[in-house]
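Report on the following structure.
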Number of protein chains: 2
Amino acid sequence: MTEYPPFAVTVDLVVLTVREDELCILLVRRGVPPYHGRWALPGGFVGIDEDLADAAARELTEETGVPEPIGHLEQLGTYGTPGRDPRGRVVTVAYLALLPDLPPPVAGTDAAAADWLPVSRIADAELAFDHDVILAAGLERARAKLEYTPLATAFCPAEFTIARLRTVYETVWNRQLDPRNFHRKVTGTPGFVEPAGRVTEGDRGRPAQLYRRGSADLLHPPMLRPSVTRG
Amino acid sequence: MTEYPPFAVTVDLVVLTVREDELCILLVRRGVPPYHGRWALPGGFVGIDEDLADAAARELTEETGVPEPIGHLEQLGTYGTPGRDPRGRVVTVAYLALLPDLPPPVAGTDAAAADWLPVSRIADAELAFDHDVILAAGLERARAKLEYTPLATAFCPAEFTIARLRTVYETVWNRQLDPRNFHRKVTGTPGFVEPAGRVTEGDRGRPAQLYRRGSADLLHPPMLRPSVTRG
DNA sequence: AACCGTTATCGTCAACAGGACGAAAAGTTC
DNA sequence: GAACTTTTCGTCCTGTTGACGATAACGGTT
C-alpha cells in the first residue's frame, strides 16, 4: 500500500434534536489546535481496523452517552477537498443523527465543552473546518427526509402523541401545520404510526392517544411541505 | 500526519444510461489483480492533491471520453469496511453518473475491456469487491431521484421529446406509464421542461414538440411511482 | 357544580390532482 | 387514399388536501 497516497480518514457527526420548539445541533468547542476554541461537529479519526459506521456510532455514544439503537444514524456525505484540514490530507465521512430530546452532553477528551445549540443562532464562519457546509447538508437532508420517510419519529421518544410529531415537523420545516389535517394525514398513511393503546395524562386539555413508530420506511403518500411555489 | 492511520482513497463510478429501452451500466473488466478478469465499476485512486469530485470527473472522462458538463454527476456514498479490498485499507467514495446514450466506451489502462451492460443481466457475485452493493445503492438512488427531481432529463440529449422522457421513466422504473397522463403531468409541472420551439422530423407518427430541461431542480408536485401499495 | 380555557379528534365542503380512456391532429407507410 | 403510428387535447370520476366548523375530554377557577 505504500505505492498509494496516504490519507487520514475521520468521521464527523451532524447530531440534530428538537428541544423546546427549536431545532438544535450538538457541537463541541475545540480544546486543541487547529481551530482551537471554535465550535465544531463532534468527530474523530477512524481506526485502521474500524468500520466507518462503527466509528460514527462510537463517536455518537462518546459524546451523548446514549446507546446506539436510539434514534437514527445514516451516512450524509464525504468531504475531502485538499486543504480543508491544515494538518494534512484528511477525508471526512459525515454522518447524520436524529435523536429525541436528551439530557445535556458531557465534554469529551479533545473538547473543552459540548452542548446543544439552536441551529438558527449559528452565525456564518463560526464553525471549524468546512463544518458549516456539512451542517447545511445535514439540515437539508433532514428536512427532505421528513417528507417521504417516517424519520420524524426518530426525534420522538418511543411513545409520542400526534401533536408531538407535529411540533417536530413544524420545528424542522419552520412552518405552521393545521393540527386537524396533520392528524388525519398521519393516521391515514399506512405504516407511519400505530396506536400504543395508552393516552397521556396530566397535561392541559384533552388527553391524547399515544403512538409508536410504524413499520413503513417510506411514506405513501409523502408529507409534502406546504407553501412551495406552485403554478 | 504520521500519527494517524494511513488509508488509501479511491473513487468508483456507477454510470447509468438508457439505451434501447434498457437501463445500462458502464463496467470494466479488470485486467490486473485483485479480481482479475471480473467486471467492476470504473474507478481509481485519488491523487494526494486531487479533490474527490475532480477525481470522479476525471475517471468519468477517461472511461467515456465525454466532457464533464454532459449529464449529471453526484456523490453516492462512501464504503470503507475493513477487508473490502485485499490490498489493504481502502475507502472508496462512490459517485453516481447519469448520461444520455453514448457511443461504446474505450478500454482504459488497467481495464481489459469496458462496455455498457444491461443492469437486468448482472448476476449476483459477478462484480469485484463490494461493487454489487454500490450498484444497488446507485440504482435505488436513481429510481428515487426521478420521483422528485428533473434528473430524468440527464438521460436525454439536450433536446428531447416527452415520449423520450417517458421511456426513461418506464425503463428506470420498469413500469408502463400512460402517454397522455404523463404528457399532462410533465408539461404541467413548473420548471420541469420548457419547449425548444422545434419539432422532430422523419419519425413515424405525428411530429413531436422538442423540449429542453427547465430551471427547477425539485419537482412540485413529484412524479410518484405508480402501483405502490396503498390503503 | 358551573364555567372557561385548552387540546384532541371528527366531520364537512370545495378545490385540485391523478388514473382511465375517448378523440382529434399530423405525420409515415403501403 | 387507406391504414397505421404517435402526439396532444379533453372528459369523467375518484381520492387527496387545505380551510375550517363542531364536538369531546381534560384541568383550573369561581
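Letters A, B, ... are given to chains in the order of the sequence lines, protein chains preceding strands, and every chain is numbered from 1. What you see is a predicted model; the values in this text were computed from it and never measured.
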Backbone N or O of B/P207 within a donor-acceptor pair of the B/E201 side chain at under 3.5 Å? no
Answer yes or no: does atom CD of B/E140 have more than 12 heavy-atom neighbours from other residues, nucleotides or ligands under 6.0 Å? yes
Indicate yes or no for a side-chain donor-acceptor contact from B/Y169 to the backbone of B/L146 under 3.5 Å, with no hydrogens or angles considered. yes
Without decimals, in angstroms, what is the distance between B/R225 CZ and C/dG18 P? 16 Å
Can any side-chain N or O of A/E126 pair as donor or acceptor with the backbone N or O of A/W39 at less than 3.5 Å? no
Which one of A/D115, A/T17, A/I122, A/L127 satisfies the side chain to side chain contact (heavy atoms under 4.5 Å, CB included) criterion with A/I25? A/I122
Contact between A/L16 and A/V172 at the side-chain level, heavy atoms closer than 4.5 Å - yes or no? no
Near DNA chain D, counting only heavy atoms under 4.0 Å, which residues of residues 149-174 of chain A show up? none
Would you check if the side chain of A/H131 reaches a backbone N or O of A/A40 as a donor-acceptor pair within less than 3.5 Å? no
In residues 204-218 of chain A, which residues come under 4.0 Å of DNA chain D by heavy atom? A/G205, A/R206, A/P207
Between D/dA24 (P) and A/D203 (CG): distance, integer Å: 22 Å
Starting at CG of A/L224 and ending at P of D/dT17, how long is that distance when rounded to a whole Å? 8 Å
Output yes when a side-chain donor or acceptor of A/K185 lies under 3.5 Å from a complementary backbone atom of A/P222, and no otherwise. yes
Between B/Y79 and B/F129, does the ring centre distance come in under 6.0 Å? no
Here the residues of residues 177-186 of chain B within 4.0 Å heavy-atom distance, strictly under, of DNA chain D are B/R180, B/H183, B/R184
So B/D12 and B/L76, do their side chains get closer than 4.5 Å, heavy atoms only? no
